[in-house]
Amino acid sequence: MTLSKESKLREEILQKVEEYYNEVHKNRNNFVPGKTQVSFAGRVYDEKEMVHLVDSSLDFWLTAGRYADEFEKRFALWMKQKYCALVNSGSSANLVAFSALTSPKLKSKRLMPGDEVITVAAGFPTTVNPIVQYGLIPVFVDIDVETCNIDTTLLDQALSDKTKAVMLAHTLGNPFDLDTVSKFCRKNNLFLIEDCCDAVGSTYNGKMVGTFGDLATVSFYPAHHITMGEGGAVLTNSGMLHRNVLSFRDWGRDCFCGPGTDNTCGHRFDFQFGTLPQGYDHKYVYSHIGYNLKVSDMQASIGVAQLDKLPSFIESRKQNFEILKEELSKYTDYLILPVATPKSDPSWFGFMFSIKENDHFNRLDLVEHLEDDKILTRQLFAGNLTRQPAYKEVNYRIVGELKNTDYVMRNGIFIGVYPGIDSQRMNHMKDSFKRFFQDRELI
């Protein structure tokens, strides 16, 4: 079969892209201990991502298109969900998922201003921000220090006649106690949103996280399990909630036609909505106060290439976690090491540990040592949201005193386990910890 001139040109361009990757990008990661940075997270890619990116750019289809369609179908299947809607970030995914539960189409179950949502203060702000942005009240529950997940013994204490939902993240890939939380939500007729932005591939009792709640969210920021640069997704098994998600993502419109398509339902000019004229174009009927949070096809093209690598990425994260845990178990007189939630198999985002209060060193001492060795560290994101400046005037309720949340805020550190940490980098990390404790004559 003879290729057209267009096809030949595309093929030549993509071959050159592969050559460019091999020449410029392939060997960039030479490691020099103490000089080359060991990140806590980062993108891992090869020529396939670059070829996909250029291939999509040659279409010059600048919104969601064929790659976005492919990714949504494949990722939904991988996550064991019926529906996947791509958005432009994990934070947008949380916003859109929460928005979907405020829809008038849910009638008496819809979330309304003044309702309460149970969550935790130890985590990333955009798990909680949609609650505040829609005028609901976050109810902050303390965490367990070893898992950094919600202390489920406090759920009943957090419940009130205003409680309508639970919105929680699987902290750094470690699933929260889904048996207890799911049972609590079913018993009290509450919505459950699972923030899986750090937990793609984690399982609980053999079942994929994200499949326990009404909605799940994922991030494709470069730090996460797979990346599109920016990007996120909302997943659900509910057809109604999926329609709500698409509406809020796509300007609030009632129509579900994809970009550049018309009259998918065959009834574009047949309906009567509100006081609009009979037959008003359904593409311009709005059932929600929505946003435009779509992803571009160029971003989605990278995600499609990354999907093929996801199983190996997850395995690398698990292996790196176990290596670090074995190494740092030598120092448990001074460190509280992470523990997987019972029944879970985490796809770890990072290695989170806390310093036991002692007379020899504190969190900052260890952080400065690691950072001097070019090993990047992070705290558990916002630490305690109630202590952040942005939340000074937010209306919230606290259950108990958030003692463990504050402890992790003061003493917690996480370091990387992402697939870019090879044996050289891991050995450097192990050596750095060893020198820290030797210098203080603690081993």
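Note that this is a predicted model, so its numbers are computed, not measured.
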S.K.: Is there side-chain contact between V166 and F191, with at least one heavy-atom pair below 4.5 Å?
M.R.: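 V166 does not reach F191 side chain to side chain.
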
S.K.: Less than 4.5 Å apart, any side-chain heavy atom of I415 and any of M352?
M.R.: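 SC-SC contact between I415 and M352 ruled out.
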
S.K.: Are the side chain of E23 and the backbone of Y20 linked by a donor-acceptor contact shorter than 3.5 Å?
M.R.: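 No: the side chain of E23 does not pair with the backbone of Y20.
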
S.K.: Do K309 and D46 sit within salt-bridge range, that is, some charged N less than 4.0 Å from a carboxylate O?
M.R.: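 So K309 pairs with D46 through a salt bridge.
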
S.K.: Would you check if there is a donor-acceptor pair between the side chains of Q299 and S296 at a distance under 3.5 Å?
M.R.: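 Present: a donor and an acceptor within the cut-off.
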
S.K.: Is there a donor in the side chain of D373 and an acceptor in the side chain of S432, or the other way round, less than 3.5 Å apart?
M.R.: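 The answer is yes; a qualifying pair exists.
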
S.K.: So, do F436 and F361 have ring centers that fall under 6.0 Å from each other?
M.R.: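 When the ring centroids of F436 and F361 are compared, they turn out to be within the sub-6.0 Å range.
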
S.K.: Test side-chain contact (heavy atoms from CB on, under 4.5 Å) on I226 and V200 and set out the steps.
M.R.: CA-CA 9 Å; I226 57 173; V200 172; 5.7 Å; no

S.K.: Can you see which heavy atom on V141 is nearest to which on D151, and at what distance?
M.R.: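 Closest approach of V141 to D151: CG1-O, 3.8 Å.
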
S.K.: List the atom of V209, the atom of L178, and the distance in Å for their closest heavy-atom pair.
M.R.: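 Nearest heavy atoms, V209 then L178: CG1-CD1, 4.1 Å.
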
S.K.: Taking D177's backbone N and O only, do any of them form a donor-acceptor pair with T180's side chain (distance below 3.5 Å, no angle check)?
M.R.: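 Answer holds: no.
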
S.K.: What heavy-atom pair brings R397 and Q157 nearest, and what distance separates the two atoms?
M.R.: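 Looks like NH1-O, 4.2 Å.
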
S.K.: Output yes when R74 and D69 qualify as a salt bridge under the 4.0 Å nitrogen-oxygen rule, no when they do not.
M.R.: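 No.
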
S.K.: Is the shortest side-chain heavy-atom distance between Q438 and I443 below 4.5 Å?
M.R.: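 The answer is yes; the side chains approach within 4.5 Å.
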
S.K.: Could you state the interatomic distance from OG1 (T102) to CG (L111), rounded to the nearest 0.5 Å?
M.R.: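 Reported value, rounded in 0.5 Å steps: 7.0 Å.
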
S.K.: Roughly how far, to the nearest 0.5 Å, is the CD atom of E47 from the NZ atom of K26?
M.R.: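 Between atom NZ of K26 and atom CD of E47 there are 7.0 Å.
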
S.K.: Return the CE to CD distance between M50 and E18, rounded to the nearest 0.5 Å.
M.R.: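 Going from CE on M50 over to CD on E18, the span is 11.0 Å.
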
S.K.: How long is the straight-line distance from CG of N129 back to CE of M167, given to the nearest 0.5 Å?
M.R.: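 CG of N129 is found 9.5 Å from CE of M167.
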
S.K.: Do K207 and F212 form a cation-pi contact, if we require the NZ or CZ to be under 6.0 Å from the six-membered ring centre and within 45 degrees of the ring's axis?
M.R.: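 Here K207 passes the 6.0 Å and 45° test against F212.
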
S.K.: Nearest 0.5 Å, what's the CD1-CG distance between I150 and N404?
M.R.: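 Reported value, rounded in 0.5 Å steps: 12.5 Å.
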
S.K.: Relative to the ring of F381, is the ring of F349 parallel (under 30°), tilted (30 to 60°) or perpendicular (over 60°)?
M.R.: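 F349 vs F381 ring planes: tilted.
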
S.K.: With no hydrogens and no angle check, do the side chains of D195 and N94 hold a donor and an acceptor under 3.5 Å apart?
M.R.: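 The criterion, which ignores hydrogens and geometry beyond distance, is satisfied for N94 and D195.
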
S.K.: Quick one, D115 with Y134, criterion side-chain hydrogen bond (donor to acceptor under 3.5 Å, both in side chains). Give me CA distance, side-chain angles, the key distance, then yes/no.
M.R.: CA-CA 10 Å; D115 290 339; Y134 272 93; over 6 Å; no

S.K.: With a 3.5 Å distance limit and no angle check, can you tell me whether S247 reaches the backbone of N244 through a side-chain donor-acceptor pair?
M.R.: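 No, because the side chain of S247 does not come within donor-acceptor range (under 3.5 Å) of the backbone of N244.
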
S.K.: Any chance you could lay out the ring pair (Phe, Tyr, Trp, His ring centres under 6.0 Å) test for H170 and Y204, step after step, and finish with the verdict?
M.R.: CA-CA 11 Å; H170 300 291; Y204 182 88; 8.6 Å; no

S.K.: Any sub-3.5 Å donor-acceptor pair from T227's side-chain atoms to F220's backbone N or O?
M.R.: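 The answer is yes, because a donor-acceptor pair under 3.5 Å joins these two groups.
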
S.K.: Less than 6.0 angstrom from the centroid, inside 45 degrees of the normal: does K325 satisfy that with respect to the ring of F351?
M.R.: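 No; the conditions do not both hold, so K325 does not lie above the ring face of F351.
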
S.K.: If you compare all heavy atoms of I302 against all heavy atoms of E49, which two are closest, and at what distance to 0.1 Å?
M.R.: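 Closest approach of I302 to E49: CG2-CG, 3.9 Å.
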
S.K.: Can a side-chain donor-acceptor contact be found between N320 and K318 if the only test is distance below 3.5 angstrom?
M.R.: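 No.
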
S.K.: Pick one: which of N384, I143, V408 meets side-chain contact (heavy atoms from CB on, under 4.5 Å) with L402?
M.R.: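 Exactly one pass, corresponding to N384.
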
S.K.: Is it true that R249 and E72 have a side-chain N and a carboxylate O under 4.0 angstrom from each other?
M.R.: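 Salt bridge flag = yes for E72 with R249.
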
S.K.: State plainly whether the residues D308 and K48 are in salt-bridge range, i.e. N to O under 4.0 Å.
M.R.: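 Salt bridge between D308 and K48, a charged N being under 4.0 Å from a carboxylate O: no.
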
S.K.: Is any side-chain heavy atom of V218 closer than 4.5 Å to a side-chain heavy atom of L235?
M.R.: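 Of all side-chain heavy-atom pairs linking L235 with V218, at least one is under 4.5 Å.
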
S.K.: Are the side chains of V132 and P138 in contact, using a 4.5 Å heavy-atom criterion?
M.R.: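 The answer is yes, as the side chains (C-beta and beyond) meet within the 4.5 Å cut-off.
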
S.K.: Which atom names give the shortest non-hydrogen contact between A100 and L215, and what distance separates them?
M.R.: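 Closest approach of A100 to L215, heavy atoms only: CB-CD1, 4.5 Å.
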
S.K.: For S202 and S347, run side-chain hydrogen bond (donor to acceptor under 3.5 Å, both in side chains): C-alpha distance rounded to whole Å, both residues' side-chain angles, the deciding distance at 0.1 Å, then the answer.
M.R.: CA-CA 5 Å; S202 294; S347 172; 4.7 Å; no

S.K.: Does R10 come within less than 4.0 Å of D59, counting only side-chain N to carboxylate O?
M.R.: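 Yes, R10 and D59 are salt-bridged.
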
S.K.: Could you tell me whether R363 atom CZ has more than 12 heavy atoms of other residues or ligands within 6.0 Å of it?
M.R.: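 For R363, atom CZ is crowded (more than 12 foreign heavy atoms under 6.0 Å).
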
S.K.: Any side-chain heavy atom of Y221 sitting closer than 4.5 Å to one from S89?
M.R.: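 Y221 vs S89: side chains apart.
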
S.K.: Check step by step if salt bridge (charged side-chain N to carboxylate O under 4.0 Å, His left out) holds for D297 and R66.
M.R.: CA-CA 7 Å; D297 222 43; R66 62 185 175 99; 5.1 Å; no

S.K.: Is there a donor-acceptor pair under 3.5 Å between the side chain of K109 and the backbone N or O of L101?
M.R.: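 Absent.
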
S.K.: Please check this pair: side chain of H288 against backbone of F248, looking for a donor-acceptor N/O pair closer than 3.5 Å.
M.R.: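 Not at all, since once roles are kept as given, no pair shorter than 3.5 Å links the two residues.
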
S.K.: Would you say the side chains of T147 and D144 form a donor-acceptor pair under 3.5 Å?
M.R.: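 The answer is yes; a qualifying pair exists.
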
S.K.: Do the ring centers of Y334 and F353 come within less than 6.0 Å of each other?
M.R.: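 Ring centres of F353 and Y334 not closer than 6.0 Å.
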
S.K.: Looking at the rings of F75 and Y83, which for Trp means the six-membered one, are their centres under 6.0 Å apart?
M.R.: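 Here the rings of Y83 and F75 have centres that are no less than 6.0 Å from each other.
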
S.K.: Under 6.0 Å between ring centres: does that hold for F140 and Y396?
M.R.: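 Yes.
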
S.K.: Using the ring centroid of each side chain, check whether H225 and F313 are separated by less than 6.0 Å.
M.R.: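 Between F313 and H225, which both carry aromatic rings, the centre distance is not below 6.0 Å.
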
S.K.: Between K374 and E371, is there a side-chain N and carboxylate O pair less than 4.0 Å apart?
M.R.: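 Salt bridge flag = no for E371 with K374.
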
S.K.: Ignoring hydrogens and angles, state whether a donor on the side chain of H242 or T236 is under 3.5 Å from an acceptor on the partner side chain.
M.R.: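 No, no side-chain donor-acceptor contact under 3.5 Å.
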
S.K.: May I ask you to check if R435 and F433 form a cation-pi contact, with NZ or CZ under 6.0 angstrom from the six-membered ring centre and within 45° of the axis?
M.R.: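 No, cation not above the ring by the 6.0 Å, 45° rule.
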
S.K.: Any side-chain donor-acceptor pair under 3.5 Å between N237 and Q81?
M.R.: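 Short answer, yes.
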
S.K.: Under a 3.5 Å threshold, yes or no: a donor from one side chain and an acceptor from the other, between D142 and Y407?
M.R.: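 No, no side-chain donor-acceptor contact under 3.5 Å.
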
S.K.: Does E11 pair with K16 as a salt bridge, N-O distance under 4.0 Å?
M.R.: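 Result for this pair is no, no salt bridge flagged.
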
S.K.: Do the non-hydrogen side-chain atoms of I413 and L366 ever get within less than 4.5 Å of each other?
M.R.: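 A side-chain contact under 4.5 Å exists here.
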
S.K.: Are the side chain of T211 and the backbone of M208 linked by a donor-acceptor contact shorter than 3.5 Å?
M.R.: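 Side chain of T211 to backbone of M208: a pair is present.
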
S.K.: Checking salt bridge (charged side-chain N to carboxylate O under 4.0 Å, His left out) for the pair K403/D406: CA distance, chi angles, key distance, verdict?
M.R.: CA-CA 5 Å; K403 287 183 178 179; D406 280 341; over 6 Å; no

S.K.: Looking only at heavy atoms, what is the nearest atom pair of G350 and F414, with distance?
M.R.: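 Looking at all heavy atoms of both residues, the shortest contact is CA-CD1, 4.2 Å.
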
S.K.: Evaluate the side-chain proximity of L168 to E194: yes if any heavy-atom separation is below 4.5 Å, no if none is.
M.R.: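 No. Closest side-chain heavy atoms not under 4.5 Å.
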
S.K.: Report the distance from atom CZ of R243 to atom CG of L241, rounding to the nearest 0.5 Å.
M.R.: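 The CZ atom of R243 sits 12.0 Å away from the CG atom of L241.
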
